[in-house]
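Down below is the structure, laid out as structure tokens.
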2 protein chains.
Amino acid sequence: MSQSANSPQPNIDQAEDAVRATGARMTRPRVMVLAVLLEAERALTHTEVEARLPRAAEVDRVTIYRVLEWLTARGLAHKIAGDDRVWRFNAAAHAHAGPHAHFQCSDCGEVICLQEAPARPALKLPAGYQPQRVELTVKGLCAHCVPAKPRARAAARHSH
Amino acid sequence: MSQSANSPQPNIDQAEDAVRATGARMTRPRVMVLAVLLEAERALTHTEVEARLPRAAEVDRVTIYRVLEWLTARGLAHKIAGDDRVWRFNAAAHAHAGPHAHFQCSDCGEVICLQEAPARPALKLPAGYQPQRVELTVKGLCAHCVPAKPRARAAARHSH
DNA sequence: TTATTATTGCAACTTTATTGCAATAATGGG
DNA sequence: CCCATTATTGCAATAAAGTTGCAATAATAA
């Protein structure tokens, strides 16, 4: 965590604080991964997190998976399942408190959080089924995919 | 299609009709896969479809993938993305007309359709984003997982 | 029946994610 | 400040879901 002293990246400090607050060990992978999520403007896939980590961080692929899972378990990050069978994560700090909806681009897979909470309709479940939470996802085209449909078709590999 | 003459399985006849109605070629894989979906009481994964196909059908794994995609493209089946990054399919005939909500068990992954249509709230999207459809999914425990939580944790491998 | 070409089956491959285990390093106690 | 304990990490191997290329097969039209 050598950069934290006079850090040009406030997110690293913020990440350190958040990790420390859990009471668990504070490690470089945890801090760096969380910092990447804090810096991101949208939900990131495992691959995107890996790509955004500074090479100096030298965090193993598998460790990223484990850290993302750990962050999720501690409530420091949210895990979102998209249509393209790829997990996406965003820092919990970014997710607006309480339940909220998601938007996913059906072209590139980009996921963002929407402010509005679903006006929970009283859905009737079969007998014995126990509801926990309601997820509302708007599918459509993001601003980058809407005009000429540039066909990205992978896991949000936009330049943005 | 040998069974179709005096079929003890009305679903095969129904499947044949549906496939024929598309105008495309009527093949054993298409009919058999659709029949399996019609027989199912819930959305099935590729693996589940494979398991339920009679051995006599001898349909290749890859062909099942392609047929499921084909059925979806023709509107004969619906494709649902779950939390466990596995596609599930159900016969369109089962899906209630129009938009409807889904329920997914967070323990075993089971997916069923719910009657109620989401009372579409006016979600506000960022500028340039184009909505296509809204998906509403209730997460919770299905009747089989609710009491003692028997921990299935795979892709709906219940005995039902 | 035969020709045409949509489908299928097979094998290899890709992507995403998970598991086992020895090596490493964060923290608490002395 | 150093050491011991044990949570984490890194590496290699494996798993699961799905895709691709292409020759062989089999629906349909003529």
Side-chain angles (χ1 to χ4, degrees), chain A residues 1-2 4 15-16 19-34 43-51 53 55-74 79-89 108-109 111 152-157, chain B residues 1-2 4 16 19-34 43-51 53 55-74 79-89 109 111 152-157:
Chain A
M1 254 58 57
S2 50
S4 67
E16 282 188 350
V19 171
R20 196 182 345 256
T22 68
R25 290 190 184 176
M26 199 186 60
T27 65
R28 187 182 49 185
R30 286 176 180 169
V31 172
M32 296 307 280
V33 168
L34 180 52
L44 301 182
T45 66
H46 166 274
T47 309
E48 289 171 331
V49 169
E50 189 175 14
L53 276 173
R55 296 165 86 244
E58 290 204 331
V59 183
D60 187 76
R61 232 171 53 79
V62 175
T63 300
I64 298 175
Y65 275 115
R66 291 195 273 229
V67 167
L68 287 171
E69 196 179 336
W70 182 85
L71 290 171
T72 302
R74 300 297 162 129
K79 193 180 182 183
I80 308 161
D83 253 9
D84 50 3
R85 61 183 225 93
V86 174
W87 292 116
R88 283 179 174 74
F89 300 83
C108 70
V111 171
R153 262 306 167 205
R157 307 213 182 289
Chain B
M1 256 58 52
S2 51
S4 67
E16 281 188 350
V19 171
R20 197 180 346 255
T22 68
R25 291 190 182 174
M26 198 185 65
T27 66
R28 186 183 50 185
R30 286 176 179 170
V31 172
M32 296 307 280
V33 169
L34 180 52
L44 301 183
T45 66
H46 167 274
T47 308
E48 290 171 330
V49 169
E50 190 176 12
L53 277 173
R55 296 163 90 244
E58 289 203 333
V59 182
D60 186 75
R61 225 172 55 81
V62 175
T63 300
I64 298 174
Y65 275 113
R66 291 196 272 230
V67 166
L68 286 171
E69 196 178 336
W70 182 87
L71 290 171
T72 302
R74 302 295 163 132
K79 192 180 181 181
I80 309 162
D83 251 10
D84 51 2
R85 62 184 217 96
V86 175
W87 292 114
R88 283 180 173 74
F89 301 83
V111 171
R153 261 306 164 205
R157 309 214 181 286

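Just so we're clear, the structure is a prediction, and the values are computed from it rather than from any experiment. Naming: A, B, ... by sequence-line order, numbering from 1 per chain.
Taking atom CZ of B:Arg20 as the reference point, atom C1' of D:dT28 lies 13 Å away to the nearest angstrom. Rounded to an integer number of Å, the gap from CE of A:Met26 to C1' of D:dT9 is 16 Å. Nucleotide C:dA23 holds its P atom 16 Å from the CG atom of A:Asp60, rounded to whole Å. Remark: P of C:dT7 and CE of B:Met32 are 19 Å apart, rounded to the nearest angstrom. For A:His46 and C:dT18, the NE2 to P distance is 10 Å, given to the nearest whole Å. Rounded to a whole Å, the CZ atom of B:Phe89 is 10 Å from the C1' atom of D:dG18. Regarding B:Arg85, its CZ atom lies at a distance of 12 Å from the P atom of D:dT19, rounded to whole Å. For the pair A:Asp83 CG and D:dG18 C1', the interatomic distance rounds to 15 Å; values are reported in whole Å.
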| Hey, mind stepping through A:Asp83 and B:Trp87 against side chain to side chain contact (heavy atoms under 4.5 Å, CB included) and telling me if it holds? | CA-CA 9 Å; A:Asp83 253 9; B:Trp87 292 114; 4.2 Å; yes
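Between C:dT8 and B:Thr27, a contact under 4.0 Å exists linking OP1 or OP2 to a side-chain N or O. For D:dG18, one of the phosphate oxygens OP1 or OP2 lies less than 4.0 angstrom from a side-chain nitrogen or oxygen of B:Tyr65. Distances shorter than 4.0 Å separate none of the side-chain N or O atoms of A:Arg61 from OP1 or OP2 on D:dG10.
Remark: side-chain polar atoms of B:Arg30 are paired, donor with acceptor, to backbone N or O of B:Arg25 under 3.5 angstrom. A donor-acceptor pair under 3.5 Å links the side-chain atoms of A:Arg88 to the main chain of A:Gly109, judged by distance alone. No donor-acceptor pair under 3.5 Å is formed between the side chain of B:His46 and the backbone N or O of B:Phe89.
Residues A:Val62 and A:Arg25 both approach DNA chain C. Their nearest nucleotides, taken by heavy-atom distance, put A:Val62 toward the 5′ side. Of the residues near DNA chain C, A:Lys79 and B:Glu58, the one whose nearest nucleotide (by heavy atom distance) lies more toward the 5' end is B:Glu58.
To the nearest 0.5 Å, atoms OG1 (A:Thr27) and CH2 (A:Trp70) are separated by 7.5 Å.
Residues B:Arg28 and B:Glu58 share a closest heavy-atom pair of NH2-O, 3.9 Å. Taking each heavy atom of A:Val59 and A:Pro29 in turn, the nearest pair found is CG1-CB, 3.8 Å.
A:Arg66 comes within 4.0 angstrom of a base, heavy atoms only. Nucleic acid contact for B:Trp87: sugar-phosphate only, since backbone atoms but no base atoms lie under 4.0 Å from a heavy atom of the residue.
For the helix from C:dT1-D:dA30 to C:dG30-D:dC1, the angle separating the two terminal helix axes comes to 30°, with each axis derived from five pairs and the value rounded to 10°.
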